Amino acid sequence: MQRLTERLWSRRSNWHVGDLAWQRFEHVGREPEWQFELWHRDGEVAAWAWEQRGTDLFLQVDPACADLADEVLKRFPGRKVMVLDAEDHLIAALERQGYSAQDGQYQVFMSHDLAGLPEVELPAGFTVRSITEADLAQRVEIHQRVWHPSRVTEESYRNVMAAWPYRTDLDWVVEAPDGRFAAYCLVWLDARNRVGELEPVGTHPDFRRLGLGRAACFGAMRALRDLGAEQAIVYPVHGLPAEKFYLQLGFGPYARTLTYARD
Ligand SMILES: CC(C)(COP(=O)(O)OP(=O)(O)OC[C@H]1O[C@@H](n2cnc3c(N)ncnc32)[C@H](O)[C@@H]1OP(=O)(O)O)[C@@H](O)C(=O)NCCC(=O)NCCS
């Protein structure tokens with residue numbers, strides 16, 4: 001799956017290697033809800049499907065093998081399917097198979113050029129840095145506090161840290177003067193395409209609107225740039241505060257998700 005996702009990444013793709021690693025490992029015990037399937041062409045993976053809870057279908061299909069999209073949809077009929085508005089080959093297959101786009105929540109895909117990032121500014125006493133394995137407990141605690149109630153645990157985060165392409169030097173935190181983690185930004189590097197994905201990002205509720213989320217993101221994005229990446233991407237939900245946050249950081253929208261279902 002990761003090889004196809006890496007091979008196909010462009011601004012017209014719904015998937016980045018960071019998405020697959022994070023969504024696969026952020027929780028433990030989800031396997032009974034999932035079904036994975038791969039399709040091959042000429043000895044390479046040309047399509048994958050990831051069905052969740054029997055209701056939702058994630059899929060990626062090489063546009064050069066667009067006919068496979070119909071096969072994937074027939075293999076998992078009637079599921080709710082999320083695609084990017086630029087994935088013409090999937091949208092055409094969905095329409096052929098009787099699906100239509102639904103109203104409702106969607107994600108905005110945004111990007112930020114990594115040239116000329118601003119200096120990171122912090123309130124007095126706060127510091128920004130990447131983590132080490134010794135920070136695991138505190139790193140999990142800040143995630144849980146931001147996303148309460150969260151299913152992320154030390155066990156699951158250890159799995160995240162062991163998954164390709166996770167790197168501790170792209171997992172950034174802001175530390176408060178009392179040593180607590182106040183904000184964080186995890187970035188995933190796709191080195192082949194020189195693009196990093198921010199997923200996830202958060203600031204402890206006691207420390208919001210102090211510029212700490214901004215500092216965590218720019219710290220991580222500078223590290224990403226130093227590893228050779230040229231752009232960062234992120235996908236906030238439209239209409240939620242994070243969308244304004246990323247716009248304020250200088251991210252610009254380039255695509256959106258569409259959800260398809262069959263009547
Ligand atoms: C989104 C989030 C990370 C912002 O963190 P933060 O540390 O409060 O953000 P900053 O102080 O760095 O904000 C920088 C700018 O972003 C914008 N911004 C931040 N939060 C905002 C909000 N709730 N509403 C509108 N604009 C907001 C503002 O322009 C802000 O500058 P200002 O305070 O001078 O006006 C934080 O609210 C959070 O953790 N939310 C829950 C988790 C989440 O949604 N994560 C992102 C999706 S992965």
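In each ligand, atom 1 is the first atom listed, and ligand 1 is the first ligand listed. Index from 1, following the sequence. Only a predicted model underlies this, so the values are computations on that prediction, with no experimental measurement involved.
- Remark: Ala216 pairs with Val174, Ala183, Cys185 by the side chain to side chain contact (heavy atoms under 4.5 Å, CB included) rule, at least two apart or across chains.
- Taking the ring centre of Phe109 as origin, the terminal cationic atom of Arg11 falls outside the region bounded by 6.0 Å and 45° from the ring axis.
- For the 3.5 Å distance criterion, the side chains of Glu6 and Asn193 fail to qualify, holding no donor opposite an acceptor.
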For residues 195-206, dump all side-chain donor-acceptor pairs below 3.5 Å to protein atoms at least two apart in sequence or in another chain.
| unit_1 | atom_1 | unit_2 | atom_2 | d |
| --- | --- | --- | --- | --- |
| Glu197 | OE1 | Asp19 | N | 3.2 |
| His204 | ND1 | Asp206 | N | 3.0 |

Exercise answer: donor-acceptor pairs, residues 113-122 side-chain atoms, under 3.5 Å, sequence neighbours excluded:
| unit_1 | atom_1 | unit_2 | atom_2 | d |
| --- | --- | --- | --- | --- |
| Asp113 | OD1 | Ala115 | N | 2.9 |
| Glu119 | OE2 | Arg222 | NH2 | 3.3 |

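- Ordered by chain and residue number, the residues placing a heavy atom less than 4.0 Å from ligand 1 are Val146, Trp147, Val201, Gly202, Thr203, Arg208, Arg209, Leu210, Gly211, Leu212, Gly213, Arg214, Pro241, Ala242, Lys244, Phe245, Tyr246, Gln248.
- Taking the six-membered ring for Trp, His27 and Trp147 have ring centres at least 6.0 Å apart.
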